[in-house]
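Basis for what follows: all heavy atoms, side chains included, without hydrogens, waters or symmetry-related copies.
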Amino acid sequence: MAMSSILNTDDIKKALDAFAVADSFDHKKFFEMVGLKSKSADDVKKVFTVLDADNSGFIEEEELKFVLKGFAKDGRDLTDKETKAFLKAADKDGDGKIGVDGK
């Protein structure tokens with residue numbers, strides 16, 4: 001499933017452009033810009049499934065580094081600093097990965 005079938009392509013491009021500079025990524029602002037906050041729980045799960053590259057049911061740190069590529073092929077890689085900050089913010093139970101329910 002392509003991200004563009006869930007989210008607006010123009011919104012994705014604007015969000016990627018806004019965080020094109022290394023160490024500028026803010027996951028809350030990014031997800032707001034792509035319109036994820038206004039989507040149904042079902043659509044959020046679809047986005048999660050696209051980002052869960054190995055289909056493990058979790059987004060691990062290795063996958064998180066490439067999260068922007070899940071939105072568009074030309075998305076940049078997150079820096080190690082951005083990846084760790086994103087994981088820390090989103091990993092509610094401290095197991096080093098993000099589940100579809102935010103744990």
Side-chain angles (χ1 to χ4, degrees):
M1 175 179 303
M3 198 65 79
S4 58
S5 67
I6 308 164
L7 301 169
N8 180 294
T9 308
D10 289 338
D11 291 343
I12 292 171
K13 179 163 180 19
K14 285 178 193 162
L16 289 172
D17 288 349
F19 298 104
V21 176
D23 291 324
S24 67
F25 184 71
D26 177 320
H27 68 279
K28 288 182 181 176
K29 286 182 186 169
F30 180 82
F31 291 140
E32 192 173 315
M33 289 179 77
V34 296
L36 201 57
K37 289 189 173 221
S38 62
K39 293 292 180 181
S40 67
D42 226 29
D43 282 342
V44 172
K45 283 183 181 176
K46 288 177 189 170
V47 169
F48 183 92
T49 303
V50 172
L51 299 176
D52 179 18
D54 64 2
N55 298 311
S56 66
F58 297 95
I59 299 175
E60 293 86 9
E61 188 171 345
E62 311 82 69
E63 292 169 315
L64 206 53
K65 184 173 184 65
F66 306 112
V67 73
L68 297 181
K69 286 187 179 353
F71 286 88
K73 281 182 250 176
D74 60 350
R76 70 173 176 87
D77 295 347
L78 295 182
T79 65
D80 288 343
K81 180 181 169 186
E82 289 171 316
T83 304
K84 288 184 188 320
F86 188 1
L87 184 62
K88 185 178 180 185
D91 177 19
K92 302 298 182 206
D93 63 4
D95 64 355
K97 54 192 176 186
I98 303 164
V100 72
D101 58 0
K103 290 183 181 175

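Salt bridge absent: Lys45 and Asp42 never bring a charged side-chain N and a carboxylate O closer than 4.0 Å. Taking a cutoff of 4.0 Å between a charged side-chain nitrogen and a carboxylate oxygen, Lys14 and Asp10 do not qualify as a salt bridge.
Side-chain contact between Asp91 and Asp93 is present, with at least one heavy-atom pair separated by less than 4.5 Å. Side-chain contact between Thr83 and Glu62 is absent, with no heavy atoms from C-beta onward closer than 4.5 Å.
Without hydrogens or angle criteria, Arg76 side chain to Leu16 main chain gives no donor-acceptor distance under 3.5 Å. The closest donor-acceptor contact from the side chain of Glu63 to the backbone of Asp54 lies under 3.5 Å. Lys92 places a side-chain N or O within donor-acceptor distance of the main-chain N or O of Ala89, the cut-off being under 3.5 Å. Remark: the backbone N or O of Ser24 is paired with a side-chain donor or acceptor of Glu82 at under 3.5 angstrom. With Lys39 contributing its side chain and Ile6 its backbone, the two residues share a donor-acceptor pair below 3.5 Å.
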Notebook entry, point to check: When you look at Val67 and Ile59, which way does the side chain to side chain contact (heavy atoms under 4.5 Å, CB included) test go after all the steps?
Noted result: CA-CA 9 Å; Val67 73; Ile59 299 175; 5.8 Å; no
Checklist line | side chain to side chain contact (heavy atoms under 4.5 Å, CB included) assessment of Phe71 paired with Val47 | finding: CA-CA 9 Å; Phe71 286 88; Val47 169; 4.2 Å; yes
Next item on the list: Please assess Leu64 against Lys84 for the test side chain to side chain contact (heavy atoms under 4.5 Å, CB included), listing each intermediate value before the final yes or no.
Entry: CA-CA 9 Å; Leu64 206 53; Lys84 288 184 188 320; over 6 Å; no
Checklist line | Test log, rule salt bridge (Lys or Arg N to Asp or Glu O under 4.0 Å), inputs Lys13 and Asp17 | finding: CA-CA 6 Å; Lys13 179 163 180 19; Asp17 288 349; 3.0 Å; yes
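Linking ILVMFWY residues whenever their side-chain heavy atoms come closer than 4.5 Å, directly or via other members, places Leu68 and Phe48 in the same cluster. Val100 is not connected to Phe66 by any chain of hydrophobic side-chain contacts under 4.5 Å among Ile, Leu, Val, Met, Phe, Trp and Tyr, and they are in different clusters.
Pairing each heavy atom of Ile98 with each of Ala90, the nearest pair is CD1-CB, 3.5 Å. Across Met33 and Ala18, no two heavy atoms sit closer than the pair CE-CB, 3.7 Å. When all heavy atoms are compared, the tightest approach of Thr79 to Ala22 is CG2-CB, 3.7 Å. Closest approach of Phe58 to Asp52, counting heavy atoms only: O-OD1, 2.7 Å. Between Ile12 and Ala72 the shortest heavy-atom distance is CG2-CB, 4.4 Å.
Note that CG of Asn8 and CE of Met3 are 13.5 Å apart. Values are rounded to the nearest 0.5 Å.
Below 30°, between 30° and 60°, or above 60°: for Phe30 and Phe25 the angle between ring planes is between 30° and 60°, a tilted geometry. Classification of the His27-Phe31 ring pair by plane angle, with boundaries at 30° and 60°, yields perpendicular.
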